[in-house]
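What follows is one structure encoded as structure tokens, with my remarks underneath.
Letters A, B, ... mirror the listed sequences (proteins, then strands); counts begin at 1.
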Amino acid sequence: MHGRVKVKSTAQQEEEKRKEREKKLKAFVSARDAVLRKRSAGEHDEEALQLTQQLLSSNPDFATLWNYRREVLLQLETSREKDEVQKLYESELHFIEACLKVNPKSYGCWHHRSWVNTRLPQPDWTRELGLCDRCLSLDERNFHCWDYRRVVVKESGVSVEQELQFTDRLIGSNFSNYSSWHYRSTLLPQLHPQPAPDSASNTSPSPTASPQIHSHRVCEEQLLKEYELAHNAFFTDPNDQSAWFYYRWLLGRAEREEMISCVYVSRERERVSVAFSKPVHAQSEGLMLVLDGQPQQVEWRSTHPRLRHSPVWLCDLPPGSVSDISNEHNLTVHWTEKYTHRDCALYTGCAESWCRDSATDQELFRSELSVEKSSVLQAELQSCNQLLELEPQNKWCLLTIILLMRALDPLGHEKETLAHFQTLKEVDPMRSSYYSDLCSKFLIENTILKMEYAEVRVFSLSNKNLTTLCHLDQLLLVTHINLSSNQLLRLPPQFAMLQCLEVLEADDNAIESLEGLYHLPKLEEVSLRNNQICKLSDLESLASCTKLTRLDLRGNPVHKTANIDSELSQLLPLVTALSL
Amino acid sequence: MGTQVKDVVIKPEAPNTLLLDKHADYIAAYGSKKDDYEYTLSEYLRMSGIYWGLTVMDLMGQLSRMNREEIIEFIKSCQHDCGGISASTGHDPHLLYTLSAVQILSLYDSINVIDVDKVVDYVKGLQQEDGSFAGDKWGEIDTRFSFCAVATLALLGKLDVINMDKAVGFVLSCMNFDGGFGCRPGSESHAGQIYCCTGFLSITGQLHQVNADLLGWWLCERQLPSGGLNGRPEKLPDVCYSWWVLASLKIIGRIHWIDKAKLRSFILACQDEETGGFADRPGDMVSSLWNLSHTILHMHIYFACDFSRTCHSLYRAYHSLRYILASVIYFHPGGSFPHSVWCGWSVFAGR
């Protein structure tokens, strides 16, 4: 049904076609009815095999017929000797192969073949591997065949090395070899695993993490060879997208260690904010809070009701437990599921305290590179730049250069990165939104790094063509944020993670939604001039920010709402300085 | 030098407006063609075909043109003793059609005409040790079926009967180097499977496990110069893939990474002005129901887009007011390529 070109025909041709289809239909219907009648009568015999054979040859997706066929075969097994059963199923394999020639992409056929191999007294895996080789030589992207091959390989004990060489051959000889690169990505971690880290790792590997995702699970020596392999592929053909996708995987960062990245304590609110290295569901993580050696009975909550899994969680300490500023306290948060914890000391005279690993220490935005890897990537960057000179419109090359620069020196290459993103949007305009968002992400990462180097709690990213916000979990300690003159559409629920925020400037954007301005306990001043806040209900969440006194909403469509002044003073009675 | 990009060219005289009435007529007439060749040959997926047709008619506000009573009786006749439901009378039960049936009955607010408890038992019984789901008693494993299982149970309010941790674990073990998902662990990423898996993770509240930026990039790279979308790298665009890719992007919050205008013109160009319906790409034969449903659906979700910008999760969608259809996509074998067929999206009462 797919891929048939529509051709206009004469009335006569139409009539002939119609007659032929009518004939075909009649034959199909009578065969189908005969088969289903036989099955209802409980007949499991050779005739059933013949009838289903006729139908399945041209209708391999008629699943019920394969089921019936299996029932018949199982029945016949019971009255046959082992060598006859062997013959029975071998002949079945011939039949299936004939079906596959007609339709190599039928789920029913491939599954039936797998099933037959479970019934064969002596499966011939060499033959099966041969079938896969032939099938893939006709269509290297047939995923049914690849999946079947994986089963054959597993059953027959073909080595990972052999399969890796198989992918070498295919990649070397063919374009459109995404399936081979993919297969490679699954084989490498098996053959060349990353040795277990010797840092006292109380982190057990996450049971749900896929072994395929992270290139750091491949040892570095092999990884560097893979760079060369991919590099050769896209230098031979700069439009071979598979190699570029694979390369991006190679440049990927290591999976973050599961840990508590920040604990923040506020005396005034008697509240603890905890940032984890990944989104969690606090109630299921075995969290324990210990204050001055005493475990505390606390309830964890997310910063926003929409965030059931979140990197940031809050809890309230028992009233009076830390409010006296003349007392010193020691707090520990235990993440018992991951055998890790974080301490935080709240000193005399201090209204707040925190303990965190910086983004740099956590290798959040770039990994520590070994000398070898660093020099390899440096050479790769040079080569890609040379390629770019030959192919200035090649978006794969541009994007890869950006990724290489980020791997090597995100801050040092910031200017070039921005220039390349601009070019990317010009040569690949369909994906402009993607490039804008990705560029925004990288700018946010750089700003976080700079903020840490300067040891300030002010985050400023105005006039940077920001189209999206991310890494908001890294901004837990930020007190002032300036997002003015960008292209933001919303302050998403994740914005509620900015628990220390006092001042927000976000003028001159296109913000319609303020969902994330929700229960921000220290937020006093908000400027949202020239945005797209249209309805009173868009401002509802602000009512939960009880310290908010200054609000600037000039230049928003909401000012046209009837009685807006009185509506707003009702909604936000605590706001004393309101500009409309 | 090097590889040509596989793509199609849209002719200037191709349709550029949505021919809604033609499409409605096409579907309304489809059910009556019981002696039609292709209709008969597609009997093995009849239940799903009915679902797609109904959803499309509903989206076009013409559900009443379909024969509700006849369809409900048909579904009743398709439930087997084991609880599972088949595509048509005389066919064997399967998860694919069990879901379609539950979706149709949800749409018609008549879920209790079948034995719901038995359906739940049937679905539960198909979960394997490793958390995966077989399609039926013959044991084919595929992430499509993980999706069918949770979508069915979610519609029936019975997600708690399965081993959720293991089910999630299995789906995540199918995540690949590119952030996408395949049929089984180790299988190549494919837009249809990605749809099933992101849909699964949405329903089970586990979307945070997806690398949305990486997967979103892979998905937006499905868009070809013609504006159409393919299902994986180096393949031709196909209107049904547009649905899977687009829906996946919507689920992970990255739908704006596709060029909307270009996709729109591609889809409109796939229409058959004579018969109604959509071909898989401009100039091809109309692949009747599947493409039509895909297309109307995703035009609705993308272009009407009042549709819950806030709805990230199919599961939350389920809890919305009004009538709810779980969206599912699964493969139906047929033709020269594994058919992608989908089922409708949820229709929400505003936010």
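The shortest heavy-atom contact between B:Gly139 and A:His111 is C-NE2, 3.8 Å. Contact between A:Tyr246 and B:Phe177 at its shortest, heavy atoms only, is CA-CE1, 3.9 Å. Here the closest non-hydrogen pair linking B:Glu234 and A:Ser242 is OE2-OG, 4.3 Å. The heavy-atom pair separating A:Thr64 from B:Gly90 by the smallest distance is CG2-O, 4.0 Å. Considering every non-hydrogen atom in both A:Ser179 and B:Arg232, the closest pair reads OG-NH1, 4.1 Å. Between A:Gln241 and B:Pro233 the shortest heavy-atom distance is OE1-CB, 3.5 Å.
Using a 4.5 Å cut-off between heavy atoms, A:Leu399 contacts chain B through its side chain alone, with no backbone atom that close. Heavy-atom distances place the side chain of A:Lys395, and not its backbone, under 4.5 Å from chain B. For chain A, the nearby part of B:Leu224 is the backbone; its heavy atoms alone come within less than 4.5 Å. Residue contact with chain B, scored on non-hydrogen atoms closer than 4.5 Å, is absent for A:Tyr183. The contact between A:Phe28 and chain B is made entirely by side chain atoms (from C-beta outward), counting heavy-atom distances below 4.5 Å. For a residue to count as touching a neighbouring chain, one of its non-hydrogen atoms must lie under 4.5 Å from one of that chain's; by this rule A:Arg141 touches chain B with backbone and side chain alike. Interface residue B:Glu221: backbone and side-chain heavy atoms are both found under 4.5 Å from chain A.
Put simply, NZ on A:Lys17 and OH on B:Tyr37 are 13.5 Å apart, with the number rounded to the nearest 0.5 Å. To the nearest 0.5 Å, atoms CZ (A:Arg21) and CD (B:Glu38) are separated by 5.0 Å. Interatomic distance, CD1 of B:Ile258 versus CE of A:Met430, reported as 8.0 Å (0.5 Å rounding). Taken to the nearest 0.5 Å, the CG atom of B:Leu41 stands 7.5 Å off from the OG atom of A:Ser58.
Looking only at heavy-atom pairs under 4.5 Å with chain B, the residue among A:Lys24, A:Arg70, A:Arg308, A:Arg32 that has the most is A:Arg70. Counting heavy-atom pairs closer than 4.5 Å to chain B, the top residue among A:Leu65, A:Asp437, A:Leu187 is A:Asp437. Annotation: maximal heavy-atom pairing with chain A below 4.5 Å, among B:Cys220, B:Pro93, B:Gly135, occurs at B:Cys220. The residue among A:Thr468, A:Asp428, A:Asp147, A:Val102 with the most heavy atom pairs within less than 4.5 Å of chain B is A:Asp147.
Contact check for A:Arg39 versus B:Asp92: side-chain heavy atoms found under the 4.5 Å cut-off. For the pair A:Lys278 and B:His208, the minimum side-chain heavy-atom distance is 4.5 Å or more. Residues A:Glu71 and B:Trp138 are in side-chain contact: their nearest non-hydrogen atoms beyond the backbone lie under 4.5 Å apart.
Between B:Glu188 and A:Arg150 there is no salt bridge, since none of the side-chain N atoms of the basic residue sits less than 4.0 Å from a carboxylate O of the acidic one.
B:Asp213 pairs by the side chain to side chain donor-acceptor pair (under 3.5 Å) definition with A:Lys441, B:Arg254, not counting sequence neighbours.
Note on ring orientation: taking the six-membered ring where Trp is involved, the planes of A:Tyr434 and B:Trp257 are perpendicular (angle over 60°, cut-offs 30° and 60°).
The cationic atom of B:Arg144 (NZ for Lys, CZ for Arg) lies less than 6.0 Å from the six-membered ring centre of A:Tyr107 and within 45° of the ring axis.
No side-chain N or O of A:Asn59 forms a donor-acceptor pair with one of B:Tyr44 less than 3.5 Å apart.
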